[in-house]
Undergrad: 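Before I ask anything, let me first share the structure, which is written out below as structure tokens.
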Amino acid sequence: QLQLVESGGGLVQPGGSLRLSCTASGGTLVDYAIAWFRQAPGKEREGVSCIDTRGPATNYAASVKGRFTISRDNAKNTVYLQMNSLKPEDTAVYYCAAGPRLRAGVWNLVPREFNSWGQGTQVTVSS
């Protein structure tokens, strides 16, 4: 089964930027859709963005569209999330997850449709 490891989280001031990485081992990312989710204390896990590892398809939650960019490097087995113009409400633990790219629920960012999850990385946006 695919193992995922996130990195790149940290503390940043409002308006700042961070780039998260999700690196896979135990297999290849190809044939998966890779998504980023986040979970703030006391809140449900929220889908942020998703990317197709075989094609150009991406999608974004309305709350991050225009500020976050998802990308991939299949040669490095890594997916990135570039986060710009960060806001305090972006504070959360960010998780990456892998799911079958042809499953509709994956593109609707439904957590139960994803088979493999990373351990998460904390992002804190605060002055």
Side-chain angles (χ1 to χ4, degrees):
Q1 188 171 349
L2 209 60
Q3 288 93 46
L4 304 174
V5 177
E6 303 94 337
S7 61
L11 173 65
V12 64
Q13 292 187 342
S17 298
L18 281 175
R19 188 177 80 157
L20 305 183
S21 299
C22 172
T23 301
S25 62
T28 175
L29 287 179
V30 174
D31 286 333
Y32 288 94
I34 305 298
W36 288 95
F37 289 81
R38 65 187 182 185
Q39 190 165 19
K43 294 189 176 182
E44 291 189 357
R45 192 164 295 191
E46 173 192 19
V48 173
S49 183
C50 192
I51 189 167
D52 186 349
T53 56
R54 277 196 176 272
T58 59
N59 71 340
Y60 296 91
S63 57
V64 306
K65 197 171 291 186
R67 299 188 297 123
F68 291 10
T69 303
I70 192 169
S71 61
R72 59 180 170 84
D73 185 337
N74 287 1
K76 295 183 178 180
N77 244 15
T78 299
V79 169
Y80 304 98
L81 186 68
Q82 178 68 42
M83 306 187 295
N84 298 330
S85 302
L86 282 161
K87 305 175 182 180
E89 50 264 45
D90 295 317
T91 295
V93 178
Y94 283 71
Y95 301 88
C96 65
R101 57 185 288 272
L102 298 180
R103 185 179 293 174
V106 163
W107 292 99
N108 291 326
L109 294 172
V110 178
R112 67 177 181 271
E113 301 290 355
F114 290 82
N115 307 113
S116 301
W117 291 82
Q119 83 290 348
T121 185
Q122 176 71 46
V123 172
T124 303
V125 185
S126 175
S127 55

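It should be emphasised that the depicted structure is a prediction, and the values quoted were computed from it without experimental measurement.
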Undergrad: OG of Ser49 to CD1 of Ile34: how many Å apart, nearest 0.5 Å?
TA: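 Those atoms lie 11.5 Å apart.
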Undergrad: Is Met83 linked to Val48 within one hydrophobic cluster, defined over Ile, Leu, Val, Met, Phe, Trp and Tyr using a side-chain heavy-atom separation of less than 4.5 Å?
TA: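 Both belong to a single hydrophobic cluster.
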Undergrad: In terms of heavy-atom contacts, does CD of Glu44 have more than 12 from other residues, nucleotides or ligands at under 6.0 Å?
TA: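 Open: at most 12 neighbouring heavy atoms sit under 6.0 Å from CD of Glu44.
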Undergrad: Applying salt bridge (Lys or Arg N to Asp or Glu O under 4.0 Å), which residue pairs with at least one partner in residues 5-18 are found, sequence neighbours left out?
TA: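 Applying salt bridge (Lys or Arg N to Asp or Glu O under 4.0 Å) to every pair that reaches into residues 5-18, excluding sequence neighbours, yields nothing.
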Undergrad: Are Tyr60 and Leu109 linked, directly or through other ILVMFWY residues, by side chains that come within less than 4.5 angstrom of each other?
TA: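 No, separate clusters.
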Undergrad: So if you build clusters from Ile, Leu, Val, Met, Phe, Trp, Tyr with side-chain heavy-atom gaps below 4.5 Å, do Tyr95 and Trp36 land together?
TA: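 In one cluster with Tyr95: Trp36, no.
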Undergrad: Between Asn74 (side chain only) and Thr53 (backbone N and O only), is there a donor and an acceptor less than 3.5 Å apart?
TA: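 Flag set: sc Asn74 to bb Thr53 pair under 3.5 Å.
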Undergrad: Mind checking what makes side-chain contact (heavy atoms from CB on, under 4.5 Å) contact with Asn115, not counting sequence neighbours?
TA: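 Testing Asn115 for side-chain contact (heavy atoms from CB on, under 4.5 Å), a comparison that skips the adjacent residues, returns Pro100, Arg103.
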Undergrad: Over all heavy atoms of both residues, which pair between Arg38 and Ala92 is shortest? Give the atoms and the distance, please.
TA: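 Result for this residue pair: CB-CB, 3.8 Å.
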Undergrad: Sequence neighbours left out, what passes side-chain contact (heavy atoms from CB on, under 4.5 Å) with Ser71? Give chain and number order.
TA: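 By the side-chain contact (heavy atoms from CB on, under 4.5 Å) rule, Ser71 matches Tyr80.
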Undergrad: Could I get the full list of ring pair (Phe, Tyr, Trp, His ring centres under 6.0 Å) partners for Trp107, not counting sequence neighbours?
TA: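 By the ring pair (Phe, Tyr, Trp, His ring centres under 6.0 Å) rule, Trp107 matches no residue at all.
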Undergrad: Considering non-hydrogen atoms only, spot the tightest contact between Glu46 and Ser63 and give its length.
TA: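 It is OE2-OG, 3.4 Å.
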Undergrad: Main chain of Leu29, side chain of Asn77: is a donor-acceptor contact present, judged purely on distance under 3.5 Å?
TA: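 Checking the backbone N and O of Leu29 against the side chain of Asn77, a donor-acceptor pair under 3.5 Å is found.
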Undergrad: What pairs with Cys50 under disulfide bond (SG atoms under 2.5 Å apart), at least two apart in sequence or on another chain?
TA: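 Cys50 satisfies disulfide bond (SG atoms under 2.5 Å apart) with no residue once adjacent residues are dropped.
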Undergrad: Would you say that Gln119 contacts Val5 through its side chain, given a criterion of any heavy-atom pair below 4.5 Å between the two side chains?
TA: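 Heavy-atom side-chain distance check passes, below 4.5 Å.
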Undergrad: Between atom NZ of Lys43 and atom CD of Glu89, what is the distance when rounded to the nearest 0.5 Å?
TA: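 The CD atom of Glu89 is 8.5 Å from NZ of Lys43, to the nearest 0.5 Å.
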Undergrad: Taking all atoms of both residues into account, what is the closest heavy-atom pair of Thr91 and Ala40, and its distance?
TA: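 That closest heavy-atom pairing would be O-CB, 3.7 Å.
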Undergrad: Thr124: which residues meet the side chain to side chain donor-acceptor pair (under 3.5 Å) condition with it, sequence neighbours left out?
TA: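 Thr124: side chain to side chain donor-acceptor pair (under 3.5 Å) contacts with Gln122.
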Undergrad: List the residues meeting ring pair (Phe, Tyr, Trp, His ring centres under 6.0 Å) with Phe37, not counting sequence neighbours, and say none if there are none.
TA: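 Scan of Phe37 (ring pair (Phe, Tyr, Trp, His ring centres under 6.0 Å), adjacent residues dropped) gives Phe114, Trp117.
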Undergrad: Show me the donor-acceptor pairs within less than 3.5 Å that the side chains of residues 12-24 make with the rest of the protein, sequence neighbours left out.
TA:
unit_1	atom_1	unit_2	atom_2	d
Ser17	OG	Asn84	OD1	2.9
Thr23	OG1	Thr78	OG1	3.1

Undergrad: Give me each pair satisfying salt bridge (Lys or Arg N to Asp or Glu O under 4.0 Å) with a member in residues 59-83, each pair once, sequence neighbours excluded.
TA: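 Salt bridge (Lys or Arg N to Asp or Glu O under 4.0 Å) check on residues 59-83 returns Arg67-Asp90.
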Undergrad: Can you name the side chain to side chain donor-acceptor pair (under 3.5 Å) partners of Ser116, sequence neighbours left out?
TA: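 With neighbours one apart ignored, the set is Gln1.
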Undergrad: Hey, could you give me the CG/OG distance between Leu2 and Ser25, rounded to the nearest 0.5 Å?
TA: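 If we round to the nearest 0.5 Å, Leu2:CG and Ser25:OG are 7.0 Å apart.
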Undergrad: Is Leu4 linked to Val123 within one hydrophobic cluster, defined over Ile, Leu, Val, Met, Phe, Trp and Tyr using a side-chain heavy-atom separation of less than 4.5 Å?
TA: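 Same cluster.
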Undergrad: Please name all residues satisfying salt bridge (charged side-chain N to carboxylate O under 4.0 Å, His left out) with Asp31, sequence neighbours left out, ordered by chain then number.
TA: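 Applying salt bridge (charged side-chain N to carboxylate O under 4.0 Å, His left out) to Asp31 gives Arg54.
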Undergrad: May I have all residue pairs that pass ring-ring contact (aromatic ring centres under 6.0 Å, His included) and include part of residues 10-33, sequence neighbours excluded?
TA: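 Found none.
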